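Contents: one structure, followed by commentary.
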Amino acid sequence: METCRGPAALHPLLPLLLLLGASGFLQSYAVESRCKDASNVTCLYAQWMMKFLIKYETNSSDYKNASLDLPSTVTHDGSVCGNDTQAALLAVQFGGGHSWSVNFTETNETYQADFIVFTYNTSDAAVFPDAKRKGLVTVVVKDSMHPIQLNNVFVCHHTTSFEAENVTQFFWNITMQPFVQNGTIGKTETRCHADTPTAAPTVVPTAANVTTTSTTTSSPAPTTAPKPVENPVTGNYSLKSGNKTCLLATVGLQLNVSQDKPLLININPKTTSTDGTCGNTSATLKLNDGNSTLIDFTFIVNASASVRKFYLKEVNVTLLNHLNGSVILNADNNNFSKWDAFLGNSYMCRKEQTLEINEDLQVHTFNLWVQPFLVKENKFAIAEDCSPEVDNFIVPIAVGAALGGLVVLVLMAYFFGHKKHRNAGYEQF
């Protein structure tokens, strides 16, 4: 009979600062699981940290973001050692009915993770207050882990994330080895790509970098004026439904964070991945810049109007510490009515625009061109430009100037006409 257990006591790591309304400080705990076979020999070992960000619908039909961290106590029911003909399974259960598992397969003297299954319970009112739909929700994602040599330990300290079906899963400080040979955990480590020195992402420093920087000397650093941040590089993003493109977006993005001290963050298209959903009346574009900045744009179609138009409804931004996965800032605004255009057209605005997410965060956009619905042949449709907004101010000014000039001409004509009439009167005497 196979048994799995955790340590006698799980030691909490540093508290994660979660700025999710009034959530305050929560603690995240490391999970350690050691499975043994019928001979009481270790066959699977794992230690890791993980957390979850979940978007759910409330009774008022709006959406909130829940943060789910591991508690100090978890169970390990259902884990399986596995062999060359049977997959190994690492499973944990925690909190109010939540569970997580990953299975491993062995092929040609290598092993790799296959599928990750996460089930969360929206009946857990502590995590999902005012949830509209209560019950278990299961999300399955394919792991992107490359094959690892048997007897090697897989190690990854950097944050890895998977996003699917309104759930983002974060993992870091991973040490694991399925299919342990002869009960002895391997001495050779295989590191994830992100842990290798050449794989350091070239991204603009974020609040995560600033808050985790440590000094090596006791003398204070000199105070210098911050260098101005250039406008962000314009990125091209798209979503597909099957083989057809269903959403197109071209935009340069810059975050203005003023939580502790002013900080500008440019989104780098080269390190940004896209995800999201398309639909007939709603669409969401999810951008992930190096697992440190997550931005979601949600568009909807105004079905109540006689003329159907789409517009930007909601923007959600999450800033993460890419070293340990902690949430630095999460902000959401679902009351926008911007970037509107007729359904079937696209919206364009080359000038800089500002989206006020909350008092601590703004999103600046540059060279925007977006079409979230009815994309045909992978091309933007006719663009409705934001420039008329500028023209609306110019036209009244021009009309006012013209009227002012006309008044001046009338007064001058009257003045000269009156003067000529008086001169003619003098000549009669």
Side-chain angles (χ1 to χ4, degrees), residues 16 18 20-21 23 26 28-29 31 33 48-71 73-79 87 89-103 113-144 159-172 239 241 273-288 291 294-300 313-314 316-318 320 325 327 330 332 334:
L16 302 181
L18 301 180
L20 298 171
S23 297
L26 297 177
S28 182
Y29 289 80
V31 183
S33 183
W48 75 103
M49 295 189 70
M50 63 182 178
K51 70 181 287 100
F52 309 89
L53 291 181
I54 306 166
K55 186 175 184 178
Y56 70 98
E57 187 177 8
T58 66
N59 286 318
S60 57
S61 295
D62 61 349
Y63 286 85
K64 291 184 178 181
N65 291 285
S67 178
L68 180 57
D69 291 80
L70 292 180
T73 302
V74 301
T75 58
H76 306 266
D77 299 335
S79 294
L89 180 68
L90 175 64
V92 294
Q93 302 80 38
F94 56 95
H98 316 294
S99 62
W100 180 91
S101 67
V102 57
N103 70 313
D114 197 0
F115 289 98
I116 295 175
V117 180
F118 170 53
T119 299
Y120 59 95
N121 186 7
T122 55
S123 298
D124 186 352
V127 180
F128 304 98
D130 196 34
K132 185 175 182 178
R133 296 176 178 84
K134 299 184 183 300
L136 299 178
V137 181
T138 298
V139 178
V140 180
V141 295
K142 184 74 170 66
D143 199 313
S144 58
T159 303
T160 301
S161 69
F162 297 93
E163 187 171 358
E165 302 179 33
N166 292 326
V167 176
T168 306
Q169 306 180 48
F170 301 95
F171 309 93
W172 68 99
L239 294 178
S241 178
S273 60
T274 60
D275 196 1
T277 57
C278 293
N280 295 326
T281 58
S282 66
T284 300
L285 173 64
K286 299 174 179 287
L287 302 179
N288 182 341
N291 288 332
L294 312 177
I295 309 178
D296 297 352
F297 298 93
T298 299
F299 302 86
I300 67 170
K313 171 65 175 177
E314 181 179 4
N316 181 277
V317 179
T318 302
L320 299 171
V327 176
N330 178 266
D332 182 86
N334 60 2

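None of the values given here were measured: they were computed from a predicted structure. Only heavy atoms go into these numbers, but all of them, side chains included; no hydrogens, no water, no symmetry mates. Starting from 1, each residue takes its place in the sequence as its number.
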Indicate yes or no for a side-chain donor-acceptor contact from [X] to the backbone of [Y] under 3.5 Å, with no hydrogens or angles considered.
| X | Y | result |
| --- | --- | --- |
| Lys313 | Thr298 | no |
| Asp143 | Phe115 | no |
| Ser123 | Gly135 | yes |
| Asn288 | Leu294 | no |
| Tyr120 | Phe52 | no |
| Thr119 | His98 | no |

For Lys286, all residues meeting side-chain contact (heavy atoms from CB on, under 4.5 Å), sequence neighbours excluded: Glu163, Asn166, Asp275, Thr284, Asp296

Non-neighbouring partners of Asp77 that pass side-chain contact (heavy atoms from CB on, under 4.5 Å), sequence neighbours left out: Thr75, Gln93

Test log, rule side chain to side chain contact (heavy atoms under 4.5 Å, CB included), inputs Leu89 and Ser101: CA-CA 7 Å; Leu89 180 68; Ser101 67; 4.0 Å; yes

Minimum side-chain heavy-atom gap Val167-Phe162 below 4.5 Å: no

Pair Met50-Phe170, side chain to side chain contact (heavy atoms under 4.5 Å, CB included): steps then yes or no: CA-CA 5 Å; Met50 63 182 178; Phe170 301 95; over 6 Å; no

Where Cys278 and Leu239 come nearest, the two heavy atoms and their spacing: SG-CB, 4.0 Å

Glu165 and Lys55 ion-paired at < 4.0 Å: no

Polar contact flag, side-chain donor to acceptor under 3.5 angstrom, Ser161-Thr168: no

